Amino acid sequence: MPETKVKKSEDFNEWYNEIVELADLCDKRYPIKGMNIWRPYGWKLMNHVDRLIRDEMIKTNHQEVCFPLLIPESYFKKEEEHIEGFGKEVFWVTHAGLTPLEERWLLRPTSETAMYPIFSLWIRSHTDLPLKTFQIVNTFRYETKQTRAFIRVREIHFFEAHTCHVDFTDAERQIQEDKEIADHLLQKLSLPYVFSKRPEWDKFAGAYYTISIDVLMPSGRTLQIGSIHQYRDNFAKPYEISYETEKGDHSFCHQTTYGMSERLLGALVGVHGDNKGLVMPPEVAPLQVVIIPIIFKGKEQTVLETSRTLQNELLEENIRSFIDDRDITPGNKYYDWELKGVPLRVEIGPRDVEKNALTLVRRDSGLKKSIPITNAEQMIKTELKDLEHILYTNAEKLLKDNMHQVLTIEEATQKTGIVALPWCGNKDCALEIENVLEGNTLGEPIENAGCSEHCPVCGSPAKTWMRYARSY
RNA sequence: GGGCCCGUGGGGUAGCUUGGUAUCCUUCUAGCUUGGGGUGCUAGUGACUUGAGUUCAAAUCUCAACGGGCCCA
């Protein structure tokens with residue numbers, strides 16, 4: 001069996017670096033830090049993830065838009081907290097040719113400040129609401145810390161939904177919908193996750209509150225793959241997004257955003273991959289089945305014909321497949337496709353054809369079996385479903401085994417992954433725990449209110465649980 | 001912001017201390033061979049980040065720039 005040089009369990013970070021390049025996802029040789037090249041296979045994969053996101057957006061009546069990349073400084077500066085949060089990591093455009101610009105432009109780090117002045121033009125009446133938009137674009141953030149493919153980059157492939165509502169309640173309803181969207185999507189990616197409400201000092205710049213969506217990587221560190229923000233009317237006021245109510249008054253909109261990025265791909269790689277390479281959930285696998293004809297001189301005809309017949313049958317079932325008839329040895333092809341995480345491999349050789357059968361190999365378990373060629377596409381469909389299920393189950397176990405709820409800092413230091421401790425609500429107490437655990441606050445669980453224990457730092461009655469983790 | 005380390009074919013490397021012909025593996029190309037887990041053989045392409053300095057001579061020593069990585073705040 002082929003293995004990566006670095007084992008996933010021994011040095012996850014190194015393993016990750018090795019795998020993203022070996023599997024042809026990206027090329028990191030571009031000479032600007034944090035700006036990598038999407039290679040064809042990686043880009044296909046990302047497109048499938050985007051497709052799932054679009055499907056969810058369309059189902060929930062969001063409209064796709066595309067705003068300009070450049071934002072005038074004056075637009076950007078309207079909301080104070082927002083500038084403070086992003087100011088240090090924006091790229092500026094100062095010249096056009098040799099001429100200095102009268103007003104500087106910036107590359108969007110996110111699109112609130114590009115969109116909202118325009119929203120204020122679009123929205124006149126309560127009948128224009130809710131306004132539900134989204135776009136999938138690249139955003140730019142000048143990261144100074146260490147970059148990592150798909151996880152911390154300077155040019156980010158980004159999904160952002162922006163909505164405007166008549167009031168806080170309707171915006172809250174949107175946030176419920178966003179949570180459902182996240183759930184559907186992450187199920188399809190076989191990625192179990194946790195929602196946490198970020199503490200006040202760690203929320204998105206300008207938000208009323210922020211819900212983060214985190215997955216747990218096998219290294220024990222969390223990866224935030226999305227966030228949902230309730231803005232209330234924090235942006236609507238400076239950007240003057242108001243509407244005329246039924247009664248003829250004027251009122252500010254309440255807004256939400258929902259963002260996700262190429263980190264989803266990072267999570268797919270990290271959570272499902274193994275020492276043989278990627279393991280892709282069938283929903284997003286660029287190829288769901290690879291067909292390898294076993295060619296012997298003189299017998300290639302029947303083997304290739306059988307392969308083509310199967311491919312056509314798979315096509316009718318909307319299963320993405322490819323016949324690898326390259327002139328290299330079969331073993332070589334196995335390695336290749338295992339590295340790329342193709343969920344199922346079908347081998348068709350003279351032996352199979354004779355028996356009216358084909359050989360089916362699972363990427364997750366490596367198990368091989370011979371199945372009848374009649375109705376093979378149905379069997380394959382079932383196997384794909386089962387594989388998706390197994391991926392989810394394994395990932396869920398990883399998450400559950402690494403989520404802990406404890407009462408003292410002492411106990412917390414013994415744990416890996418996500419640790420929840422009682423919290424009194426005082427920032428200093430949380431920061432103290434961050435220090436000792438060498439981790440960060442993730443936020444409070446959103447599903448439960450309250451905690452009847454005591455803060456492990458100051459001893460006061462706890463208001464809630466607070467989660468801590470080392471994160472990417 | 002402060003400190004440290006590193007730049008050699010597409011990838012991984014040896015050589016640097018003590019200056020002189022750049023090593024090996026892999027990939028790639030061509031041909032034959034082989035083909036149910038990386039087939040074998042033959043031939044071939046391809047590199048010292050850039051600039052300045054020291055020197056008869058620099059991958060090697062010095063300085064700088066650019067690029068990459070790590071640690072601390």
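Letters go in sequence order (proteins before strands), and every chain restarts at 1. Since we're looking at a predicted model, the values are computed, not measured.
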Which of G35(B), G69(B), G36(B) is nearest the side chain of T359(A)? It is G36(B)

Could you check how far CD of E300(A) sits from P of G35(B), rounded to whole Å?
-> 12 Å

When you compare U8(B) with C48(B), how far apart are their P atoms, in angstrom units rounded to a whole number?
-> 11 Å

Please determine if D336(A) and R326(A) form a salt bridge, counting it only when a charged side-chain N lies under 4.0 Å from a carboxylate O.
-> yes

Side-chain donor/acceptor of T329(A) to base of G37(B), under 3.5 Å = no

Side-chain donor or acceptor of R29(A) under 3.5 Å from a matching atom on the base of G11(B)?
-> no

Distance between the P atoms of A59(B) and G1(B), in whole angstroms?
-> 36 Å

Give I32(A) one of three labels, base, sugar-phosphate or nothing, depending on what nucleic acid heavy atoms sit under 4.0 Å from its own.
-> sugar-phosphate

Between P of U33(B) and CD1 of I328(A), the distance in whole Å | 18 Å

Indicate, with a heavy-atom threshold strictly under 4.0 Å, whether R148(A) touches base, sugar-phosphate, or nothing.
-> nothing

Whichever of G349(A) and G34(A) has its nearest RNA chain B nucleotide further upstream toward 5' | G349(A)

Can the ring centroids of F195(A) and Y193(A) be said to lie less than 6.0 angstrom from one another?
-> yes

Is any N or O donor-acceptor pair between the side chain of D352(A) and the base of G36(B) shorter than 3.5 Å?
-> yes

With heavy atoms under 4.0 Å as the rule, sort T147(A) into base, sugar-phosphate or nothing.
-> sugar-phosphate

Report yes if a side-chain nitrogen or oxygen of N332(A) is closer than 4.0 Å to either non-bridging phosphate oxygen (OP1 or OP2) of U39(B); otherwise report no.
-> yes

Among U34(B), G38(B), G68(B), find the nucleotide with the atom closest to the side chain of Y335(A).
-> G38(B)

Considering Watson-Crick and G-U wobble pairs with both distances under 3.5 Å, what does A57(B) pair with?
-> none

Mind checking who C66(B) pairs with, Watson-Crick or G-U wobble, both distances under 3.5 Å?
-> G7(B)

Among Y75(A), F235(A), Y116(A), which residue meets the ring pair (Phe, Tyr, Trp, His ring centres under 6.0 Å) test with H82(A)?
-> F235(A)

For U27(B) versus G12(B), give the span between their P atoms, rounded off to a whole number of Å.
-> 15 Å

Integer-rounded Å distance: U27(B) C1' and D24(A) CG = 13 Å

When the distance from CD1 of I294(A) to C1' of U39(B) is rounded to whole Å, what number comes out?
-> 14 Å

Examine Y231(A) together with Y208(A) and report whether their ring centres are nearer than 6.0 Å.
-> no

Please state the P separation for the pair U62(B) and G68(B) - nearest whole angstrom.
-> 24 Å

So, for W43(A) and H157(A), is the gap between ring centers shorter than 6.0 Å?
-> yes

R152(A) CZ to G69(B) P: how many Å, rounded?
-> 13 Å

E438(A) CD to C71(B) C1', straight-line distance once rounded to whole Å = 13 Å

With rounding to whole Å, what would you report as the distance between U23(B) and G15(B) at their P atoms?
-> 14 Å

Whole angstrom is fine here: how far is it from CZ in R351(A) over to P in G35(B)?
-> 13 Å

Between U45(B) and G7(B) - C1' atom distance, rounded Å = 24 Å

Output one line per pair: protein atom, nucleotide atom from nucleotides 40-48 of chain B, and distance, for all N/O pairs under 3.5 Å.
none

Expressed as a whole number of Å, how far does the C1' atom of G69(B) sit from that of U29(B)?
-> 34 Å

Considering heavy-atom distances to RNA chain B, does P31(A) or R326(A) have its closest nucleotide positioned more toward the 5' end?
-> R326(A)

Using atom CG of N17(A) as one end and atom P of G12(B) as the other, report the distance to the nearest whole Å.
-> 12 Å

Separation between NZ of K203(A) and CD1 of I211(A), rounded to the nearest 0.5 Å = 13.0 Å

Please determine, for the side chain of R345(A), which listed nucleotide (G37(B), G35(B), G69(B)) has the closest atom?
-> G37(B)

So what does K333(A) touch, heavy atoms closer than 4.0 Å: a base, only the sugar-phosphate, or nothing?
-> nothing

Short question: side chain of S196(A), backbone of R198(A) - any donor-acceptor pair under 3.5 Å?
-> no

Partner of C16(B) under the Watson-Crick or G-U wobble criteria, both distances under 3.5 Å, comes out as none

If only atom types and distance count, is the side chain of R362(A) paired as donor or acceptor with the main-chain N or O of L344(A) below 3.5 Å?
-> no

Using a distance-only test with no angle check, is there a side-chain donor-acceptor pair under 3.5 angstrom linking E411(A) and T408(A)?
-> yes

Determine whether the side chains of E283(A) and Q288(A) contain a donor N or O and an acceptor N or O closer than 3.5 Å.
-> no

For the base of G38(B), is there a side-chain donor-acceptor partner from E338(A) under 3.5 Å away?
-> no

Span that lies between the C1' atom of U60(B) and that of C16(B), in whole angstrom | 4 Å

What's the closest nucleotide to the P330(A) side chain, out of G38(B), U39(B), G35(B)?
-> G35(B)

